[in-house]
2 protein chains.
Amino acid sequence: MIEVLAALAEPTRWQLLDQLAAQKEATATRLAEGLPVSRQAVVKHLAVLERAGLVAGHRSGREMRYVVRAKRLDETARWMAAAARRWDDRLARIKELAETDSPERRESPSFGSGIA
Amino acid sequence: MIEVLAALAEPTRWQLLDQLAAQKEATATRLAEGLPVSRQAVVKHLAVLERAGLVAGHRSGREMRYVVRAKRLDETARWMAAAARRWDDRLARIKELAETDSPERRESPSFGSGIA
DNA sequence: AGAATGTGCAACCCTGGAGTTGCACATTAG
DNA sequence: CTAATGTGCAACTCCAGGGTTGCACATTCT
């Protein structure tokens, strides 16, 4: 998961993904023509994206063609949404407990070492 | 947006976020106790998270307390889901055009320089 | 006041990632 | 066959980011 996020945390890679989404298939050489970086840089980016599952490559003769994998991005989005919900739930739970358990007390000792 | 993704592309930061979601509020010093890194490292991480809007800090006396911002994560998740849908739509469009326009032709010249 | 405790700043390593160039090898085109 | 085109590998530079330590300053506790 972290792998996907790391892959997405780079502007150049988004450009590649956008181009791929616009053309369905493309080679590293072709993609590099539309960007201010060398072909090799693009190759490396594609490798990262492939490891993350955001792109898939297949060879066709001497060419290596890549396709974008929208599914993977969607999975990640859902995963993040779930995490957000978890956080919300936990915080709501804490707040509720604080009010129900002892409305007059402040500074919940939840995690403390108890020294204070 | 890239800023948020970059902030999330780091395991240690997820640990911080998880701890914060479990405790609602915590200081850098406190968070560092539960992790194998120095307080200063935690401070830096919190700064990154705050810049990304995933966390908010407010001072209370000599302490600096942080709270997790689930909303921001949810926003990002939705943004990604939207991007995934866009990719899907574009590809579907391309496929459809290829079939409707000229079912017998292969190798769409969509992006080509036209030289070939 | 004096000791604890907690922040904030700064200087400093060190590794990994982004980018480049150069070259050898494979596959097509003429 | 020969030239053109496209990949793949390797070595190398550069710097941002994660981590550390040391110290000065602020706030609280007794």
Side-chain angles (χ1 to χ4, degrees), chain A residues 2-17 19-20 23 25-52 54-67 106-107 109 111-116, chain B residues 2-17 19-20 23 25-52 54-67 106-107 109 111-116:
Chain A
I2 289 272
E3 204 174 13
V4 182
L5 293 172
L8 293 175
E10 229 281 354
T12 308
R13 269 179 313 247
W14 275 97
Q15 299 194 50
L16 288 176
L17 292 169
Q19 285 217 25
L20 280 178
Q23 306 168 48
E25 267 191 354
T27 67
T29 305
R30 205 52 107 63
L31 288 165
E33 289 168 5
L35 291 179
V37 297
S38 71
R39 174 185 61 95
Q40 281 305 326
V42 172
V43 170
K44 286 191 188 178
H45 281 307
L46 287 172
V48 172
L49 290 171
E50 187 161 37
R51 256 177 272 142
L54 288 163
V55 123
H58 63 275
R59 122 166 291 112
S60 169
R62 79 182 143 184
E63 291 186 336
M64 192 62 177
R65 301 187 180 173
Y66 290 87
V67 186
R106 265 83 188 282
E107 306 303 320
F111 185 70
S113 48
I115 298 178
Chain B
I2 290 271
E3 204 174 12
V4 182
L5 293 172
L8 293 174
E10 230 280 355
T12 308
R13 277 189 296 255
W14 276 97
Q15 298 194 52
L16 288 176
L17 292 170
Q19 285 216 25
L20 279 179
Q23 304 168 48
E25 267 191 353
T27 66
T29 304
R30 203 54 106 61
L31 288 166
E33 289 169 5
L35 291 178
V37 296
S38 72
R39 173 184 63 95
Q40 281 305 327
V42 172
V43 170
K44 287 191 186 178
H45 282 307
L46 287 173
V48 172
L49 291 170
E50 187 161 37
R51 258 176 272 142
L54 288 163
V55 123
H58 62 277
R59 113 164 303 111
S60 169
R62 80 180 145 186
E63 290 185 337
M64 190 63 176
R65 300 187 181 172
Y66 290 87
V67 187
R106 266 84 190 277
E107 307 302 320
F111 186 68
S113 49
I115 297 178

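Here is how names work: the chains are called A, B, and so on, in the same order as the sequence lines, proteins then strands, and each is numbered from 1. Computed over heavy atoms, backbone and side chain alike; hydrogens, waters and symmetry mates excluded.
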Can you check whether A/Thr12 has a side-chain N or O nearer than 4.0 Å to OP1 or OP2 of C/dG19?
yes
Does B/Lys44 get its side chain close enough to the base of D/dG19, under 3.5 Å, for a donor-acceptor pair?
yes
Looking at A/Ser38, does any N or O in its side chain come under 4.0 Å of the phosphate oxygens OP1/OP2 on C/dT20?
yes
With distance as the sole test, does B/Glu50 use its side chain to make a donor-acceptor pair with the main-chain N or O of B/Gly57 at under 3.5 Å?
yes
I'd like to know if A/Arg62 reaches the base of D/dG8 with its side chain such that a donor and an acceptor end up less than 3.5 angstrom apart.
no
Only one of A/Gln19, A/Gln15, A/His45 passes side chain to side chain contact (heavy atoms under 4.5 Å, CB included) with A/Leu31, and that residue is A/Gln19
Look only at the side chain of A/Glu63 and the backbone of A/Arg65, and say whether a donor-acceptor pair between them is shorter than 3.5 Å.
no
Any donor-acceptor pair, under 3.5 Å, between the side chain of A/Gln40 and the base of D/dG8, if you only look at N and O atoms?
yes
Using a 4.0 Å heavy-atom cut-off, does A/Arg59 contact any base of the nucleic acid, only the sugar-phosphate backbone, or nothing at all?
sugar-phosphate
Please confirm whether the backbone N or O of A/Ala6 pairs with a side-chain atom of A/Arg13, one donor and one acceptor, at under 3.5 Å?
yes
If you pin B/Val48 and A/Glu63 to their nearest nucleotides in DNA chain D, which one's is more 5'?
A/Glu63
Can you see if the side chain of B/His45 gets near the phosphate of D/dG17 - specifically, an N or O under 4.0 Å from OP1 or OP2?
no
Phosphate OP1/OP2 of D/dG6: any A/Arg30 side-chain N/O under 4.0 Å
no
